[in-house]
Chemist: 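Next up is a structure, given as C-alpha cells.
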Amino acid sequence: MELELGLGLPNYNINYQRESSSSSSAGAGIMVKGHVDLNCGDGVVAPKNRQQQRYTSRNNYNQLNSSSCLSAADDEVESKDLCNLLLWSGRQPNEEDPDPNRWPNLHLNHQNNNIINEEEEEEIVVGWPPINSVMRKELVMVQHQGHDDGGGGDRRMRKSWRYVKVKMEGVGIGRKIDVTLYHSYQALTHALIHIMFANYTDASRELGDYAILYQDKQGDWMMLPTDHHHHHILPWEKFVEGVQRLEIIVRKEK
Amino acid sequence: MAYSFPEEVLEHVFSFLTSDKDRNAVCLVCKSWYEIERWCRRRIFVGNCYAVSPEIVIRRFPEVRAVEIKGKPHFADFNLVPEGWGAYVYPWVAAMSAAYPLLEEIKLKRMVVTDESLELISKSFKNFKVLVLSSCEGFTTDGLASIAANCRNLRELDLRESEVEDLSGHWLSHFPDNYTSLVSLNISCLGSEVSFSALERLVARSPNLRTLRLNRAVPLEKLPNLLRRAPQLVELGTGAYSAEIRSDTYSNLAEAFSACKQLKGLSGFWDVVPSYLPAMLHVCSGITSLNLSYATIQSPDLVQLVTQCRNLQRLWVLDYIEDSGLEALAASCKDLQELRVFPSDPFGAVPNVSLTEQGLVSVSEGCPKLQSVLYFCRQMSNAALVAIARNRPKLIRFRLCILEPRVPDYLTLEPLDTGFGAIVENCKELRRLSLSGLLTDRVFKYIGTHAKKLEMLSIAFAGDSDLGLHHVLSGCESLRKLEIRDCPFGDKALLANAAKLETMRSLWMSSCSVSYGACKLLGQKLPRLNVEVIDERGPPDSRPESCPVERLYVYRTVSGRRVDMPGFVWTMDEDASLRFS
C-alpha cells in the first residue's frame, strides 16, 4: 500500500486544489496523488510477524536513521523502502520460530544468533519511563539505598549493571535482564523461570525441566550451571562479566 | 453607534466572562467591543512563551493584573530537551515591570527564572500577590529572599517541583515581622533546612494561611508546633514522616491533627514510619486529595490509610498499593475522580509489586466519577482496556505507561490497538491521551476517527508508518498538542498535513524519521510556524538533506523566529538556506 501525499498547505495558497473530501480542519488542501487507501483496515507497513518485533532501544533507532543517511539521497522515501528499513532494524521474521533440533551440540551454532550484526546496544533509553526528575531522584534513593551514586539520570544509575537479552524458546518476545541483580546461578534461574517468564512456564514442571543456556564472550553457548553440577563451575563474577545473552529451552516433553 | 451601551456597562458585562475563549469571541463582534474588551482584560494565559512577544501582549492588553506563561515543551520533564534550550522569563518580567505596575500574579511553568528576574519582580509590582513557579529552574534561595523581603502583599508563594539552588535556609527570615498576609506556601522542593523558628513565627502571624507544604527537612516532631498555630489549614504537606517511636511525639501529633478540622488535602510523606500514620486518622474522613507519590508505605498500612479517606477525590500513590489495594480503594472511595499510580521501581527488570491491569479495571468498575487516570504498570491486555472504556465512558484524561516499550497484550500477544481503540470510541469527551505498549498504525486510525475532542496526545515507540501520523493529524479536530518520540513517522504525513500545524499550539517529534529537507520545506512554506530543529550533532547542513533530525519542535507564533536560540537549535525559514551557506 503506497501512501503518496503532496504538500498540504492552507487554503490561502490558491495553487492547490482540494481533491480529497477527507480534509483536515483548517480547510487545508491535501493534494492526493495516486492511490491512497485510507480505509484499508490493515494499513500497516510491517514485518511479517508483527508481535515478534524486538524491543529496540533508542540507539537501534539511530542505527536505522544513520543507515538511511548513508544511502543515496532520495527526494521521497517510499513507504516500501521505509518498510525494508524497519525490517533491517529487527530480527528476520523467521528467526523466532521454535526449532527443537536447534541445540544438538552446545558449542556450535553461532549462525542462528548472529544473522543480524547487532552491535552492543546501549541499554540507556533517555527519558523512559516518563517520570520527572524529582520523582526519579526519589525512587533512585529508595531503590538503591547503599549505593553512593546519588540521583538523577535514566536507567544508568548504579555503578555497574549488565543487561543481557533473554529469550525463551517458543516465546516471540525477548526480554532483558540485569544479571548484576543476582548473586548465584540459582537466583538467576529462579528469576528467569518463575518470575520473568512465569506466564510461559508450566508450574507443574520442575526447575530441572528447563535448561538455561548462555552465550559467553567467545560466542560459545554453554549450559548455565545448576546445583547438580559437581565439576568445576565458572565463578559467578566471571559469568556476569562474560555473559552475552541467555536462552531458556524446555528439556523434555511431557 | 449613538445608542449603544456606555462603555462602563459593557465592561461590567464583560467582567463576568472569565474564559479566554469567551473573551476572544467578544473581541470579534465589532471594533468597539474589541477596544473595550482589551482595556478590561485582566488575565492573560500564554501557552507557549515563544508564540507571542511581551511587547505584543502589552500593546494589546494594557491593564493586565495576572499573567500565566508556559515555556519548555512537556517532554522537557523527561530530559528530552537539552539544557539551555530557552524559555527565559526575564524579557517578560522586564517588559511587564514597565508596563504593568499593578501586576498581581505571575504563574510560570517550565521556564528559566533567574534571581535577577525574581528581584525585578519583587521591586516592580507594589501590589504583587501570587507567585507560582511550576517545574521552573535557574534561581537560588537568594531570589526567594528578595521576594520575601520586598513583596509586602504577597499571598501565595508556590515553588512546586522547581529546581532551586539551595544556598541557605535563611531566606525565609526575610519576611518582615509585620507581614501577615500569607495564604499559601509551598516549599516542598527545597532540599535544605529552612530556619524553623522563622517558619514557626511566620505561620503564627498568618491567620489566613490555608496551604502549607513543607519540605522534607522539617522533622515530624516539629510538625505539631506548626499545626497548632494553623488549625485553619486546608492543605498540608508534611516533611519527612519519620521519627523515633515515642509516645509523647505520637500524642502531640495526633492532638495537633485533630485540631485541624478543615484539612482537605495531604501530601509530603517522605520516609514514612507506619506507626505514625494512625495519628492522622481523625482527619481522613475530610480528605479529598491525597498525594502519596513519595511515600514508600506498603500494605496493610497504605491500604488502611487510603480506605479511611472515604471522601477521596484525588489519589496519587506508588504502585505499592497493588491490585488488592486498588480493589479496596474502589470499594471505599466512591467519589474518586483522579487516580495516579507511579512506579516504585521503574528501572527494575523484574516486577517488585503485584500491580497489574486488574487494579485499574477494579477502580474503573467501582468508582463512577473517575475521569482522570495516569497509570504505570508492566502488563496490559486489550480486554482490560475495553472493560475500562465500557465502565467509564466519561473519562477525560487517560494516560497509560507500560514500563517496557512495545509490549503486546500479554494474554494474546497482539498489539493493544483494539484496547486503545475502545477507549477513544467510548470516551467521547477524552481530552488527553498517552499511549504505550505495542501499537500499529491501526490504533491511530481509531484515534483519528473517534477522538474528536482530544487536545493532547503523547506517543512513544508506536506505529509502523507515516499513515499513523496522517490519521492523527487529519482526524483529530481538537488537537492542540502532539508529542511523539521514537516512532517511524517521517516526512510524508507531516508535509501533507502542514496546514494542521497552524491550528495547534505545538508539535514535538524526537527520534523519528523527519528529514532535514522536510523541515526546511515546512519552515519555508509556513511562515506563521516556527520550525525548530534541535540537533546536538552539529548543523543540519553538514549532513545530507534526507538525514533525519534528532528533534523537531514546531509551533505557531505571531512573533517570528526566536532570537535567543542556543547553538544546537536551528529555525527553518525562508532565510535558512541563506544563513547556512
Side-chain angles (χ1 to χ4, degrees), chain A residues 3-10 22 24-26 28-30 41-46 50-51 53 55 58 61-62 65 68-69 73-77 79 82-83 86 125-135 138-139 142-143 154-155 157 163 172-173 175-178 181 191 195-196 199, chain B residues 75 77-80 135 161 189 293-294 296 342-351 376 401 403-406 408 410 413-415 438 440-442 445 460 464-467 470 473-474 477 486 488 490-492 495-500 502-503 511 513 521 525-526 543-548:
Chain A
L3 179 67
E4 284 200 51
L5 299 169
L7 179 60
L9 293 177
S22 63
S24 64
S25 50
I30 294 185
D42 194 26
V44 167
V45 182
R50 196 66 190 79
Q51 58 263 39
Q53 184 169 22
Y55 305 129
R58 172 175 175 254
Y61 219 77
N62 284 336
N65 291 340
S68 70
C69 281
D74 284 328
D75 279 51
E76 272 182 272
V77 177
S79 300
L82 192 61
C83 168
L86 284 171
V125 181
V126 177
W128 191 267
I131 53 179
N132 66 30
S133 55
V134 175
M135 177 152 276
E138 272 308 314
L139 297 175
V142 163
Q143 286 302 322
D154 313 291
R155 283 188 115 117
M157 279 165 314
Y163 275 95
I173 307 295
R175 297 291 305 268
K176 287 179 200 143
I177 193 167
D178 179 1
L181 285 177
I195 304 179
M196 185 170 268
N199 287 326
Chain B
F75 273 179
D77 285 354
F78 316 129
N79 294 339
L80 290 177
S135 303
E161 295 180 343
C189 62
S293 324
Y294 304 120
T296 50
F342 296 101
S344 55
D345 186 17
F347 307 107
V350 175
F376 284 81
C401 179
L403 290 172
E404 184 75 38
R406 302 199 184 91
Y410 78 99
L413 296 187
E414 283 170 8
L438 185 65
T440 72
D441 283 346
R442 195 173 302 145
K445 178 157 183 268
D464 309 303
S465 75
D466 271 307
L467 193 57
H470 176 69
L473 290 176
S474 57
E477 289 161 6
D486 292 90
D491 302 344
K492 286 187 175 169
L495 295 175
N497 293 283
K500 171 73 172 174
E502 284 191 351
T503 69
S511 304
S513 310
L521 188 58
K525 296 291 180 189
L526 291 152
R543 290 177 293 278
E545 286 228 342
S546 59
C547 195

Chemist: For the residue pair Pro346(B) and Ile131(A), establish whether any side-chain heavy-atom pair is separated by less than 4.5 Å.
Modeler: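 SC-SC contact between Pro346(B) and Ile131(A) confirmed.
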Chemist: How long is the straight-line distance from OG of Ser344(B) back to CE of Met135(A), given to the nearest 0.5 Å?
Modeler: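 Between atom CE of Met135(A) and atom OG of Ser344(B) there are 10.0 Å.
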Chemist: Evaluate the side-chain proximity of Pro130(A) to Phe376(B): yes if any heavy-atom separation is below 4.5 Å, no if none is.
Modeler: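 When only atoms from C-beta onward are counted, Pro130(A) and Phe376(B) do touch, with a gap below 4.5 Å.
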Chemist: So do Phe78(B) and Val126(A) actually touch side chain to side chain, heavy atoms under 4.5 Å?
Modeler: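 No, too far: nothing below the 4.5 Å cut-off.
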Chemist: Quick one: closest heavy-atom pair of Glu161(B) and Asn132(A), and the distance?
Modeler: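 The answer is OE1-ND2, 3.6 Å.
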Chemist: Mind checking whether Cys401(B) and Trp128(A) have side chains closer than 4.5 Å, heavy atoms only?
Modeler: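 Yes; the side chains approach each other to less than 4.5 Å.
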Chemist: Is it the side chain or the backbone of Phe75(B) that comes within 4.5 Å of chain A heavy atoms, both, or neither?
Modeler: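 Neither part, no heavy atoms under 4.5 Å.
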